[in-house]
Amino acid sequence: MGLANVPRAGHGYEVRTTDHPGGSSPGLVGREAETAALRAALAAHRLVTVTGAAGVGKSRLALAAVAVPEAGPRPAVIRVRWHDGVPAGPWAFAARIARALDAATEVPGRTASPDLATAVRSVIGGELLLVLDDVDPVHADCTRLAQSLLMSLPDLRVLVTARRPLGLGAEHVLRLGPLPTDPPAAGLSPAAALFHARALRHGRIAPGDRHAVDRVCALVEGVPLALELAAAQLEHTSVNGLVARLAHGQCWLTAPGPGTAVQRHRSVRASLGAVHTLCAPAVRAVWRGLSVFAGSFTEQAASFVCESTGLTAEDVPRALAELTANGVLDRQGEHGAVCEPRYQLARAARDFGTERLAAAGEAPALEERHARHCRSVAAVAETLWNTGLQQQAVRLVHDELPDLEDLLGRAAHRPDRADIALETALHLWFWWVTRQRARDGAGHLLALLPLLPADSHQAARGQWLAGWLTAGADPVTARALLDRAWTTAVLTGDDALVGRVAHAHGTLAWRRGDLLAAAGHYRHAADTVPDHAPGGPTRMVSLAALAVVQSHFAPARASRTARRALAQPSACHDTWAVALAQYARALTDHRSGRTARARHRARRALSQLAARLDAPQAHSALSRLLDHLESGSSPFPPGRPRLPGPRAEPRTPTGRPAR
């Protein structure tokens, strides 16, 4: 029974009463598992809430779930949906829906119902399903309504769609996320399938556009609303053109021409604006401030960056909780875990926050604090590295890498931040070297150095590190950089910098095959770098390199040098340097004819390194040596000498690091 297609009632609601029409929600793609899960939840629970960020398709999923026919008796459905343009307020939510139902059914001779429960009973008897759709503007009123109805109507089930749960004890919450964007081995990802389905209405996709389609899906992070709006742009542009525009933001995505969609679904900006409007002023300020982060962040980092906006100490944690509940933020990490949870803005939310930040005139101050935060993170990571917590240092940089790279990349066009960016890059010397990211580190340093006074001490430190990182790829540039750094180091009396310049010259000599010169440079470095000097490798690393070189012409001397390296004070906490020294000992044993001992030593060093530190550079050197020892070939083919140290990571044809 009931009325299908009941017209929209007043007071800001659309009220529909209908039997199950059968079929599924038209155009719903990639949600088969979620639809089944929602149907199962409705069968088992009286109150089910579908939550998720703006634009993920909560309403469509609800319609699909209640429209699927099932065997046996089925409840009638009453759907109530909030519409744009009517302000939320503390008025009688239930009474207004009741009056709307009375007006919609127009039963002759029946008086207006005093409450919603009576109105519902008078419209449909028996088992009922009330769908309260898209009720965020009246969230508190909806919570009270659902609780009251469930207590007074035993046969009633309630399905709610909202960005956050109602918070009732009997509530079953189904969290709806974006569509997966990772393409399977064969076929399309769910996000790409939706994009293809919508693109057929607006344009054509060539077979060669598959990579570009996957890139579009990744840029909009699989959000169905953004995918549909992006597909609509194919009337005016190609898929590759769409990728280029989306790389700079997605708030511009708008539905072309007039349509029947509600206003906040007409564009990405309007969709996020509806969320923004319901936020308190302090939450909006935090949202704007968080847009300076390129990756994930902690509560402490968020508080530091947002401090300049005049917020109190309690505002930021409260705002993080609210933004997470509304789907603006993604909380990473388990509740109660040892590690501090991290948060990340959805990309569209970050684009929206960036626009609001610029409009508020707060961008310069918050970007400055973000730069200081990145420098502090790099300094802490280097301290962890130097004090023996090297795995923690690597994990910290890995977590903060998007923001660190964002600072280093942007600073090349911001001379006022060049000193902070260069200091950040210098603190990360261990990351560039041990993680086989020499090319990335050198690229950042070479872009920043022209922005600083050439004769400054900080520039000299940058010249040394850039010279060391480019020694394998561009020896001419490396030599010129090291010569300039050496002059400043001598004039300022910086023994650590003098020794590290010597170490880099040793690498250059080794790569050109001048073993005696390389040994002299490494010996100079080992004798010059003070103990516990920050900002670069310890003398233990120089001794390990010296032992490797000596193994080619003086194995006995190389063995003594390797033992001297392992006797250094840093050996108790520098896992990376110990691995290089063990590499030198294994190579020396092999050069001395003790191949079995060399294999045993290399295996043990490799297992110790794998258990303590994720260091691809040292792991690769030891693995390569062990492979040669087990195959009986020379670890160093003629004309191709290698030494553990900074080298550019191999690249794929797309320019990305090979993994």
Between D574 and Q390: side-chain donor-acceptor atoms closer than 3.5 Å: yes
Any chance you could measure R461, atom CZ, to R500, atom CZ, to the nearest 0.5 Å? 9.0 Å
How many angstroms lie between CG in D419 and CD in Q458, if you round to the nearest 0.5 Å? 6.0 Å
Answer yes when R417 and E368 have at least one side-chain N-carboxylate O distance shorter than 4.0 Å, and no when they do not. yes
I'd like to know whether NE2 of H573 has more than 12 heavy-atom contacts from other residues, nucleotides or ligands below 6.0 angstrom. yes
Please report the closest heavy-atom contact between T237 and L242, naming both atoms and the distance. OG1-N, 4.0 Å
Contact summary for M540 and A565, nearest pair of heavy atoms: CG-O, 3.4 Å
Criterion salt bridge (charged side-chain N to carboxylate O under 4.0 Å, His left out) on E400 and R395, from CA distance to verdict: CA-CA 9 Å; E400 301 281 349; R395 187 180 301 115; over 6 Å; no
Please confirm whether the backbone N or O of V529 pairs with a side-chain atom of R539, one donor and one acceptor, at under 3.5 Å? yes
Output all residues satisfying ring pair (Phe, Tyr, Trp, His ring centres under 6.0 Å) with H373, sequence neighbours left out; order by chain, then residue number. F293
Both conditions, 6.0 Å and 45 degrees, for the charged tip of R435 above the ring of W431: are they met here? yes
Centres of the W510 and H552 rings: under 6.0 Å? yes
Using the six-membered ring of F304, assess whether NZ or CZ of R369 lies under 6.0 Å from its centre and within 45 degrees of the ring axis. yes
What do you reckon, is CZ of R557 surrounded by more than 12 foreign heavy atoms closer than 6.0 Å? no
Exercise: do Q550 and T561 side chains pair donor with acceptor under 3.5 Å: yes
Suppose we screen for side chain to side chain donor-acceptor pair (under 3.5 Å). Which residues come up paired with Q250, at least two apart in sequence or across chains? none
Side chains of T298 and Y343 only: does a donor on one sit below 3.5 Å from an acceptor on the other? no
Can a salt bridge be assigned to the pair D406 and R410 using a cut-off of 4.0 Å between side-chain N and carboxylate O? yes
Please report the interatomic distance OG(S296) to CG(D403), rounded to the nearest 0.5 Å. 7.5 Å
Test your reading of the model: is there a side-chain donor-acceptor pair from D399 to the backbone of L396, 3.5 Å cut-off? no
Out of curiosity, T488 OG1 to D494 CG, how far, rounded to the nearest 0.5 Å? 10.0 Å
Identify whether the distance between the nearest side-chain nitrogen and carboxylate oxygen of R414 and E367 falls below 4.0 Å. yes
In short, V305 meets L366 closest at the heavy-atom pair O-CG, 3.8 Å
Closest approach of H619 and L609, non-hydrogen atoms and distance? N-CD2, 3.5 Å
Is the cationic atom of R245 (NZ for Lys, CZ for Arg) positioned less than 6.0 Å from the six-membered ring centroid of W252 and within 45 degrees of its normal? yes
Shortest non-hydrogen separation from R288 to A360 and the atoms involved: NE-CB, 3.9 Å
Parallel, tilted or perpendicular: rings of W432 and H444 (30°, 60°): tilted
Separation of D514 CG from H521 NE2 (nearest 0.5 Å): 7.5 Å
Who are the side chain to side chain donor-acceptor pair (under 3.5 Å) partners of R601, not counting sequence neighbours? D589
Verify, without hydrogens or angle tests, whether S551 (side chain) and V548 (backbone) share a donor-acceptor contact under 3.5 angstrom. yes
Would you check if there is a donor-acceptor pair between the side chains of E382 and W429 at a distance under 3.5 Å? yes
Looking only at side-chain N and O atoms, does S559 offer a donor or acceptor that is under 3.5 Å from a partner on R563? yes
What's the shortest heavy-atom distance between A285 and L311, and which atoms? CB-CD2, 4.1 Å
How many angstroms lie between CG in L329 and CG in L323, if you round to the nearest 0.5 Å? 5.0 Å
Hey, are R564 and D527 close enough for a salt bridge, meaning a charged N less than 4.0 Å from a carboxylate O? yes
Just checking Q392: does its CD atom have more than 12 heavy atoms from other residues, nucleotides or ligands closer to it than 6.0 angstrom? yes
